[in-house]
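Bear in mind that the values here come from a model prediction, so they are computed numbers and not experimental data. In this chain, residues are counted from 1 in sequence order.
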Amino acid sequence: MSRSDDLPVVRTLTELTELVERQQGLYVRWSRGPGTDLRDVSSTDDLTGVPMSGLSANPLDVEEWWEDRPVQVWVARRLHDYAHLPHEKGPGVRPWVLAGKETARGPDNEPLVTDARPMCWIDQRVIDEAKAEVSRQENPWGPLRRSGRSGR
């Protein structure tokens, strides 16, 4: 059994929200998992092919300016913003939570994380709940998706 097979699975948005409320320094990463990622602990810039000094991930910590707003909406948005990645990055790409140390920023200003400690997989049902939560908000919102180059 691989290291990634041993991870627990978060199955509800509430469960993930509770984890974020209990522990700071968590990130969500969309990839084929820790079994692949922890071999090199480096991401590659998609545009240039340049290796980066850590795993590209998105922070789950709630920012101070969010104040007393629902943490569940915060977490839902963090997931929703990148929910398109499994379709763009190919088979086997899915979200997982890790704890680690931010050492730099990538080209999209995303944290690059080292000393990664895998915490859990995020079930697809959580992503579906996140999309539903975002759609219930007052203003429309879409994922952070890049369009393809023209002429391709």
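- Across every non-hydrogen atom of D45 and P107, the tightest pair is OD1-CG, 3.4 Å.
- E129 contributes a side-chain N or O that, together with a main-chain N or O of L13, makes up a donor-acceptor pair within less than 3.5 Å.
- Atoms CG and OH, from N58 and Y82 in turn, are 4.5 Å apart once rounded to the nearest 0.5 Å.
- Summarising the local packing, CD of Q24 is surrounded by 12 or fewer heavy atoms from other residues, nucleotides or ligands at distances under 6.0 Å.
- Taken to the nearest 0.5 Å, the CG atom of L98 stands 8.5 Å off from the CG atom of D37.
- With D61 contributing its side chain and G25 its backbone, the two residues share a donor-acceptor pair below 3.5 Å.
- A donor-acceptor distance shorter than 3.5 angstrom exists from the side chain of D123 to the backbone of R125, with no hydrogens or angles considered.
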Item to check | side-chain contact (heavy atoms from CB on, under 4.5 Å) between T17 and T12, intermediate numbers included | outcome: CA-CA 9 Å; T17 299; T12 68; over 6 Å; no

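- Here the closest non-hydrogen pair linking S43 and S56 is OG-N, 2.7 Å.
- Separation of atoms NZ (K101) and CZ (R117) is listed at 11.5 Å; rounding is to 0.5 Å.
- Between the OH atom in Y27 and the CE atom in M119 there is a gap of 13.0 Å [rounded to 0.5 Å].
- No donor-acceptor distance shorter than 3.5 angstrom exists from the side chain of R94 to the backbone of G33, with no hydrogens or angles considered.
- Expressed to the nearest 0.5 Å, how far CD1 of I122 lies from CZ of R11 amounts to 12.5 Å.
- By the 4.5 Å heavy-atom criterion applied to side chains, K89 and S31 are not counted as neighbours.
- The two atoms that bring P95 and V28 nearest to each other are CB-CG2, 4.0 Å, heavy atoms only.
- Taking CD from E133 and CZ from R136, the interatomic distance works out to 4.5 Å, rounded to the nearest 0.5 Å.
- Contact annotation: the side chain of Q23 never approaches that of L60 to less than 4.5 Å [non-hydrogen atoms, C-beta and beyond].
- Heavy-atom minimum distance, P91 versus R32: O-NE, 3.1 Å.
- Of all non-hydrogen atoms in G100 and V113, the two that sit nearest each other are CA-CG1, 3.6 Å.
- Taking both residues in full, the closest heavy atoms of R39 and G35 are given as NE-O, 3.3 Å, listed atom of the first, atom of the second, then distance.
- Under the 4.5 Å side-chain heavy-atom criterion for grouping Ile, Leu, Val, Met, Phe, Trp and Tyr, L79 is connected to W66 within one hydrophobic cluster.
- Its side chain within the 4.5 Å cluster rule, M52 clusters with L112 among the Ile, Leu, Val, Met, Phe, Trp and Tyr residues.
- Geometrically, R69 does not engage W74 in a cation-pi contact, judged by NZ or CZ lying under 6.0 Å from the ring centre and within 45° of the ring axis.
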